[in-house]
Amino acid sequence: EDQVTQSPEALRLQEGESSSLNCSYTVSGLRGLFWYRQDPGKGPEFLFTLYSAGEEKEKERLKATLTKKESFLHITAPKPEDSATYLCAVQVDGQNFVFGPGTRLSVLP
Amino acid sequence: DSGVTQTPKHLITATGQRVTLRCSPRSGDLSVYWYQQSLDQGLQFLIQYYNGEERAKGNILERFSAQQFPDLHSELNLSSLELGDSALYFCASQRVGEGTEAFFGQGTRLTVV
């Protein structure tokens, strides 16, 4: 069965304190791995798509990387406005998107 | 703005009633996905449509149904509502081809009283 797990469940950082979020997946036939940001009561906002091991994508303070079994979302010098739940999802051959439970990030000023 | 429009934004209804949630995908997107997110829970896949045809089904209750119309908008029908159906309902749309990102609407918050 396709599975996506994320760790940690919650993370509190001081402003400027860099860290990484983990997404581990057990799937066959990976078509893409996706990172989303979700604010409370809002729809998930697309951040990155990764397709193959070794691939990296960057956007402002965020950088996503992919290996054969996991992906990392690195947050460099975070600001309070980066506080949100970060969701990882995979899509496999002929299937829908499978989402992980998310990491709830709080960045304190 | 993701380009995906969901209406209504909020809906309050009584148990036993029926409601219809509407989703307009981004222009050109053929796939529409429906997800349910209960309080502090993850996104649960309900159903997917591709160009008017049902493509995949998740943990969708028999009381729930959906369809995608020729203009590609989609509707999710929820009937015989129960208190436990209170949740955020999201739709997402995706361009042709697997492995491309899906874009989400802002959701419909359903409260069953």
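Here is how names work: the chains are called A, B, and so on, in the same order as the sequence lines, proteins then strands, and each is numbered from 1.
- Counting heavy-atom pairs under 4.5 Å between each of B:Q6, B:R109, B:Q106 and chain A puts B:Q106 at the top.
- Contacts of A:Q38 with chain B are made by side-chain atoms alone, with heavy-atom separations under 4.5 Å and no backbone atom involved.
- Of the two parts of A:F34, only the side chain, counted from C-beta on, holds a non-hydrogen atom closer than 4.5 Å to a non-hydrogen atom of chain B.
- For A:L30, no part lies under 4.5 angstrom from a heavy atom of chain B.
- No salt bridge links A:D39 with A:K42; every basic N to acidic carboxylate O contact stays at or beyond 4.0 Å.
- Here the side chains of B:L76 and B:C91 are not in contact, with every heavy-atom distance at 4.5 Å or above.
- Using cut-offs of 30° and 60° on the angle between ring planes, the pair B:Y35 and B:F104 is tilted.
- Neither the backbone nor the side chain of B:Q44 comes within less than 4.5 Å of any heavy atom of chain A.
- Using cut-offs of 30° and 60° on the angle between ring planes, the pair A:F99 and A:Y36 is tilted.
- For the atom pair A:L73 CG and A:T103 OG1, the distance stands at 9.0 Å (nearest 0.5 Å).
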